[in-house]
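First comes the structure, then the notes that go with it.
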Amino acid sequence: ISGNSDRLQSAIDSNVVPCLIQILASEQNKKHALWAIYQATEGGTSAQIKYLVTQDCVHHLCDMLVTDCNTVIALWTLNNILRVGKK
């Protein structure tokens, strides 16, 4: 899901996002799922990013702040989410 709201919408419509969140919560391929979610928050619309929040991504991103080596990307992603919430 690379920085494009149309691609993100296709992922949402295809029910890919819950799978990404599930991977984010697992121990394998977490970095790839994190990168996809980060890209989604970079190029998605406010409504799309709010949808990511409803899929429990914030919980898993916060977990990554203390248990993972991808802390910086998790922080960037959370920052993007918070900016949408601020609007």
Side-chain angles (χ1 to χ4, degrees):
I1 311 171
S2 63
N4 178 310
S5 63
D6 293 334
R7 289 182 185 163
L8 177 53
Q9 192 59 51
S10 292
I12 291 169
D13 294 343
S14 300
N15 213 27
V16 170
V17 173
C19 296
L20 283 174
I21 302 301
Q22 196 171 31
I23 293 168
L24 190 65
S26 73
E27 292 300 318
Q28 297 179 341
N29 300 314
K30 185 184 294 198
K31 182 177 181 178
H32 299 291
L34 173 60
W35 189 252
I37 293 168
Y38 167 72
Q39 290 293 323
T41 64
E42 277 289 304
T45 65
S46 294
Q48 290 168 330
I49 294 170
K50 287 176 184 178
Y51 169 76
L52 292 173
V53 172
T54 68
Q55 297 302 301
D56 202 27
C57 72
V58 172
H59 168 82
H60 298 297
L61 291 167
C62 289
D63 284 349
M64 293 181 83
L65 297 177
V66 294
T67 62
D68 203 272
C69 64
N70 296 299
T71 302
V72 173
I73 299 169
L75 280 171
W76 290 343
T77 307
L78 287 166
N79 183 56
N80 289 342
I81 291 168
L82 290 172
R83 276 191 273 155
V84 167
K86 187 177 177 181
K87 292 180 184 178

Could you list all the ring-ring contact (aromatic ring centres under 6.0 Å, His included) pairs where at least one residue sits in residues 8-44, not counting sequence neighbours?
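Pairs touching residues 8-44 that pass the test: Trp35-Tyr38, Tyr38-Trp76.
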Pairwise ring-ring contact (aromatic ring centres under 6.0 Å, His included) hits with a residue in residues 5-27, at least two apart:
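Residue pairs with at least one partner in residues 5-27: there are none.
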Is there side-chain contact between Ile21 and Ile37, with heavy atoms separated by less than 4.5 Å?
yes
Give me the atom names and distance for the closest heavy-atom approach of Ala33 to Leu20.
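Closest approach of Ala33 to Leu20: CB-O, 3.6 Å.
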Can you give me the closest heavy-atom contact between Ser26 and Ile23, atom names plus distance?
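That would be OG-O, 2.7 Å.
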How long is the gap from [atom1] on [X] to [atom2] on [Y], to the nearest 0.5 Å?
X	Y	atom1	atom2	result
Leu75	Asn70	CG	CG	11.0 Å
Asn29	Leu34	CG	CG	12.5 Å
Asn79	Glu42	CG	CD	9.0 Å
Lys50	Ser46	NZ	OG	6.0 Å
Asn80	Leu52	CG	CG	10.5 Å

Hey, is the main chain of Val16 close enough, under 3.5 Å, to the side chain of Ser14 for a donor-acceptor pair?
no
Without placing hydrogens or testing angles, list every side-chain donor-acceptor pair under 3.5 Å for residues 53-64, not counting sequence neighbours.
| residue | atom | partner | partner atom | Å |
| --- | --- | --- | --- | --- |
| Thr54 | OG1 | Tyr51 | O | 2.6 |
| His59 | NE2 | Asp63 | OD2 | 3.4 |

Using the rule that two of Ile, Leu, Val, Met, Phe, Trp, Tyr join whenever any of their side-chain heavy atoms come within less than 4.5 Å, decide whether Ile81 and Val66 are in one cluster.
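As far as the 4.5 Å side-chain criterion goes, Val66 and Ile81 are not connected within one cluster.
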Step by step, work out the side chain to side chain contact (heavy atoms under 4.5 Å, CB included) result for Leu78 and Leu65.
CA-CA 10 Å; Leu78 287 166; Leu65 297 177; 3.9 Å; yes
Sole candidate of Thr41, Val84, Val17, Ile12 that passes side chain to side chain contact (heavy atoms under 4.5 Å, CB included) when paired with Gln48:
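Exactly one option meets the side chain to side chain contact (heavy atoms under 4.5 Å, CB included) with Gln48, and it is Ile12.
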Inspect the surroundings of NZ in Lys30 and state if more than 12 heavy atoms from other residues, nucleotides or ligands are less than 6.0 Å away.
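Enclosed: over 12 neighbouring heavy atoms sit under 6.0 Å from NZ of Lys30.
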